[in-house]
Amino acid sequence: MAKDIRFFELNTGAKMPSVGLGTWQSDPGLVGEAVATAIKVGYRHIDCARLYGNEKEIGLVLKKLFEDGVVKREDLFITSKLWNTDHAPEDVPEALNQTLQDLQLDYVDLYLIHWPARMKKGSVGFKPENFIPTDLPNTWKAMEALYAAGKARAIGVSNFSSKKLADLLEIARVPPAVNQVECHPCWQQSKLREFCKAKGVHLSGLFTIRISWYYVAQG
């Protein structure tokens, strides 16, 4: 299967597999098995996030797969994401360091700002009082430093609208390589897709299969 998967070339020159395994809402004890099985049958892109709370389990599985010679690190494309509570410039590198420690990796292939929203450090839940004003220019500057250090081979965003992405592009020294959003036949994001294409930002679709089947099932 691995040989059959196509790649998208990012604006960094990196090649991102067109099909990936998402790990959101994967239960403890099952997510590791899912990742191991996916890689063994040919998946090469694993999509993670600090918020999902399962990067430690994934890291254990990746370590074993490397040790057993099932796959090499350089053959995988690992994505993770910066959570809303870690947008302060001093928290950005600490958040990635924790992710790298949990995944037992030296670098991620893609690191995304999970949402264009900022929350108080240590806050839990989406209560209005947890949200504080964003400072995306300084958050992005910290992301660029991770890219320069090689800890993130590419950087990008998730859930950004055309307006949010345009504002970021105006101040970015390193343009985002990816904008990961919900995109599927039932919500094609045509305007956002065209904007991203014009700006050289790859639009990556999440929920592409699962949500499509949900809509089909609902009639």
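Within 6.0 Å of atom NZ in Lys64, 12 or fewer heavy atoms from other residues, nucleotides or ligands are found, so the atom counts as exposed in its surroundings.
A heavy-atom distance below 4.5 Å is not found between the side chains of Val201 and Pro175. By the 4.5 Å heavy-atom criterion applied to side chains, Pro116 and Val157 are not counted as neighbours. Proximity of Leu168 to Pro176: side-chain heavy atoms (C-beta onward) are separated by under 4.5 Å at one or more points. Looking at Phe195 and Lys191, their side chains never come closer than 4.5 Å, going by heavy atoms from C-beta outward. Within the 4.5 Å cutoff, the side chain of Leu76 has no heavy atoms near those of the Tyr43 side chain. In this structure the side chain of His45 never reaches within 4.5 angstrom of the side chain of Val19, judged on heavy atoms. The side-chain heavy atoms of Leu203 and Phe8, taken from C-beta on, include no pair separated by under 4.5 Å. Inter-residue side-chain proximity for Tyr52 and Asp47 is flagged as met; some heavy-atom pair is nearer than 4.5 Å.
Leu112 and Phe160 fall into different hydrophobic clusters, where Ile, Leu, Val, Met, Phe, Trp and Tyr residues are linked whenever their side-chain heavy atoms come under 4.5 Å apart, directly or through other members.
Nearest heavy atoms, Lys63 versus Gln104: CD-OE1, 2.7 Å. Between Leu65 and Ile39, the shortest heavy-atom distance links the atoms CD1-CD1, 3.6 Å. Looking at every heavy atom in both residues, Ser123 comes nearest to Met119 through OG-CB, 3.6 Å. Closest non-hydrogen pair, Met143 versus Gly156, comes out as CE-O, 4.0 Å. When all heavy atoms of Gly32 and Glu57 are compared, the closest pair comes out as N-OE2, 3.0 Å. What you find for Asn130 and Gly125 is that their closest heavy atoms are ND2-O, 3.0 Å.
The only option from Asp106, Ile78, Val108 that meets the side chain to side chain contact (heavy atoms under 4.5 Å, CB included) definition with Leu100 turns out to be Val108.
Expressed to the nearest 0.5 Å, how far CG of Asn179 lies from CG of Leu169 amounts to 9.5 Å. Expressed to the nearest 0.5 Å, how far CG of Leu110 lies from NZ of Lys81 amounts to 8.5 Å.
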Exercise. Evaluate the side-chain contact (heavy atoms from CB on, under 4.5 Å) criterion for residues Asp102 and Ile58: first the C-alpha distance (whole Å), next the side-chain angles of each, then the deciding distance (0.1 Å), finally the verdict.
Key: CA-CA 8 Å; Asp102 289 347; Ile58 294 170; over 6 Å; no

message = Working note: Asn97 + Gln101, criterion side-chain hydrogen bond (donor to acceptor under 3.5 Å, both in side chains); need CA distance, chi angles, decisive distance, verdict.
response = CA-CA 6 Å; Asn97 285 340; Gln101 180 179 323; over 6 Å; no

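Residues His87 and Thr134 bring no donor and acceptor atom of their side chains to less than 3.5 Å of each other.
Taking the centre and axis of the six-membered ring of Phe77, the NZ or CZ atom of Arg44 falls outside the cone set by 45° and 6.0 Å. In this structure, Arg73 is positioned above the aromatic face of Tyr107, its NZ or CZ under 6.0 Å from the six-membered ring centre and within 45° of the axis.
Between Phe126 and Trp83, the two ring planes are perpendicular [angle over 60°; tilted spans 30° to 60°].
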